[in-house]
Amino acid sequence: MKKLLFTITVFAMTITMNAQEKEGITLTVVIENVLNDEGHVLSALHNEDTFMKAEGLETSHDKAQTGELILSFENVQPGEYAFSVLHDANDNYSMDFEPNGMPKEDYAMSGNYLPMGPPTFSDAKFTVQNEDMQLTLRF
């Protein structure tokens with residue numbers, strides 16, 4: 001009986017430890033300066049493999065509202081990530097450009113670095129460790 005109880009206890013502890021390891025942090029993203037209520041705000045959390053190449057690991061599609069938008073992403077595992085956000089005012093699910101190549105719609109990236117040309121993962125990356133964190137991005 002003691003052996004069975006010990007085995008069950010070890011098994012329960014293993015499940016609990018594995019569940020705790022899989023839980024990540026909560027990433028809160030504050031998007032400031034949404035200029036109008038047109039369209040939607042599209043956002044995505046990326047790793048290096050998906051940044052500017054594929055859909056994000058986590059995505060959000062929220063109705064635009066003038067002012068500030070607060071997003072929350074749960075269980076983000078430790079690692080390096082980048083965050084991108086686009087105010088898709090005309091709801092065509094893509095960034096629109098002026099004839100000279102400049103974006104027509106507001107956007108922001110983590111790192112708050114706005115290069116002339118496409119952003120790179122190394123410019124936009126941030127590190128998630130073991131504590132909840134907040135990013136503030138501004139259109």
Side-chain angles (χ1 to χ4, degrees):
M1 182 69 170
K2 286 183 180 180
K3 191 173 187 178
L4 177 61
L5 184 58
F6 177 76
T7 303
I8 291 171
T9 302
V10 170
F11 180 71
M13 288 174 55
T14 302
I15 290 173
T16 302
M17 289 186 330
N18 285 341
Q20 288 175 349
E21 288 176 14
K22 292 184 180 182
E23 289 182 17
I25 61 104
T26 297
L27 173 64
T28 302
V29 181
V30 179
I31 302 164
E32 299 177 333
N33 202 33
V34 180
L35 296 177
N36 59 56
D37 296 344
E38 298 173 13
H40 287 80
V41 175
L42 310 178
S43 59
L45 178 67
H46 293 276
N47 63 16
E48 190 167 12
D49 293 334
T50 64
F51 187 72
M52 302 296 287
K53 301 172 197 156
E55 183 173 331
L57 304 170
E58 298 280 339
T59 61
S60 180
H61 180 259
D62 299 277
K63 179 70 180 119
Q65 295 180 1
T66 303
E68 184 178 85
L69 176 63
I70 299 174
L71 306 173
S72 183
F73 297 87
E74 303 292 328
N75 298 319
V76 178
Q77 298 300 307
E80 291 187 332
Y81 298 93
F83 196 86
S84 63
V85 61
L86 168 69
H87 183 176
D88 185 19
N90 62 1
D91 280 333
N92 68 350
Y93 292 93
S94 65
M95 181 180 274
D96 297 317
F97 295 92
E98 299 287 351
N100 66 2
M102 296 299 291
K104 284 184 178 181
E105 297 170 307
D106 291 331
Y107 70 97
M109 296 281 168
S110 51
N112 292 321
Y113 177 74
L114 298 176
M116 298 303 262
T120 65
F121 181 77
S122 63
D123 291 331
K125 74 179 177 181
F126 61 93
T127 302
V128 168
Q129 295 179 350
N130 296 319
E131 294 183 13
D132 292 348
M133 65 184 297
Q134 177 177 311
L135 294 177
T136 301
L137 305 176
R138 184 173 176 83
F139 282 139

Exercise. From Gln129 CD over to Glu131 CD, what is the distance, rounded to the nearest 0.5 angstrom?
Worked result: 8.0 Å

For this session: For His40 and Tyr93, indicate whether the former's side chain and the latter's backbone hold a donor-acceptor pair under 3.5 Å.
Result: no

Problem set entry | Glu98 CD: over 12 foreign heavy atoms closer than 6.0 Å | yes

Seminar exercise, completed: Note: Asp123 and Thr120 closest approach over all heavy atoms is OD2-OG1, 2.9 Å

Problem set entry | From CD (Glu68) to CZ (Arg138), nearest 0.5 Å | 10.0 Å

For this session: Flag yes if Phe121 and Tyr81 sit in one hydrophobic cluster, no otherwise; membership is Ile, Leu, Val, Met, Phe, Trp, Tyr, and two members link when side-chain heavy atoms are under 4.5 Å apart.
Result: no

For this session: With sequence neighbours excluded, tell me which residues meet side chain to side chain donor-acceptor pair (under 3.5 Å) with Thr59.
Result: none

Problem set entry | For Val85 against Ser43, the heavy-atom pair lying closest together | CG2-CB, 4.0 Å

Exercise. Would you find more than 12 non-hydrogen atoms of other residues, nucleotides or ligands less than 6.0 Å from Asn130 atom CG?
Worked result: no

Exercise. In the single-linkage hydrophobic clustering (I, L, V, M, F, W, Y; side-chain heavy atoms under 4.5 Å), do Tyr107 and Leu135 co-cluster?
Worked result: no

Exercise. Which heavy atom in His87 sits nearest to a heavy atom in Asn36, and how many Å separate them?
Worked result: CE1-OD1, 3.1 Å

Exercise. In terms of side-chain heavy atoms, does Ser72 have a donor or acceptor partner in Glu74 at a distance below 3.5 Å?
Worked result: yes

For this session: To the nearest 0.5 angstrom, please state how far the CG atom of Asp106 sits from the CG atom of Leu137.
Result: 12.5 Å

Exercise. Under 4.5 Å between side-chain heavy atoms, hopping through other hydrophobics if needed: is there a path connecting Leu71 to Leu86?
Worked result: no

For this session: Could you check Val34 against Gln65 for side-chain contact (heavy atoms from CB on, under 4.5 Å), going step by step and ending with a plain yes or no?
Result: CA-CA 7 Å; Val34 180; Gln65 295 180 1; 5.9 Å; no

Exercise. Got a donor-acceptor contact below 3.5 angstrom from the Glu105 side chain to the Ala89 backbone?
Worked result: yes

For this session: Using side chain to side chain donor-acceptor pair (under 3.5 Å) as the criterion, list what pairs up with Asn33, not counting sequence neighbours.
Result: none

For this session: In sequence, state the C-alpha distance, the side-chain angles, and the governing distance for Leu27 and Phe126, and then conclude on side-chain contact (heavy atoms from CB on, under 4.5 Å).
Result: CA-CA 11 Å; Leu27 173 64; Phe126 61 93; 4.0 Å; yes

For this session: Answer yes or no: does atom CD of Glu80 have more than 12 heavy-atom neighbours from other residues, nucleotides or ligands under 6.0 Å?
Result: yes

Exercise. Honestly curious: do Leu45 and Phe139 fall in one hydrophobic cluster under the side-chain, below-4.5 Å linking rule?
Worked result: yes

Problem set entry | Gap between atom OG1 of Thr26 and atom CD of Gln134 - 0.5 Å precision | 12.0 Å

Problem set entry | Closest non-hydrogen atom pair, Ala82 against Ser110 | CA-OG, 3.5 Å

For this session: Search all heavy atoms of Pro119 against all heavy atoms of Met52 and return the closest pair with its distance.
Result: CD-CE, 3.9 Å

For this session: Following the transitive rule for hydrophobic clusters with a side-chain heavy-atom cut-off under 4.5 Å over Ile, Leu, Val, Met, Phe, Trp and Tyr, establish whether Val41 and Met95 coincide in one cluster.
Result: no

For this session: Drop me the distance from Glu58's CD to His46's NE2, to the nearest 0.5 angstrom.
Result: 11.5 Å

Exercise. Is there a donor-acceptor contact under 3.5 Å from the side chain of Lys63 to the main chain of Asp37?
Worked result: yes

Problem set entry | Rounded distance (nearest 0.5 Å) linking atom CG of Asp132 with atom OG1 of Thr28 | 7.0 Å

Exercise. With a 4.5 Å limit on heavy-atom distance, are the side chains of Leu57 and Phe73 in contact?
Worked result: no

Exercise. Between Phe51 and Met109, is a side-chain contact (heavy atoms from CB on, under 4.5 Å) present by the stated rule, with each step listed?
Worked result: CA-CA 11 Å; Phe51 187 72; Met109 296 281 168; 3.9 Å; yes

Problem set entry | Shortest non-hydrogen separation from Met102 to Asn100 and the atoms involved | N-OD1, 3.0 Å

Exercise. With a 4.5 Å limit on heavy-atom distance, are the side chains of His61 and Asp88 in contact?
Worked result: no

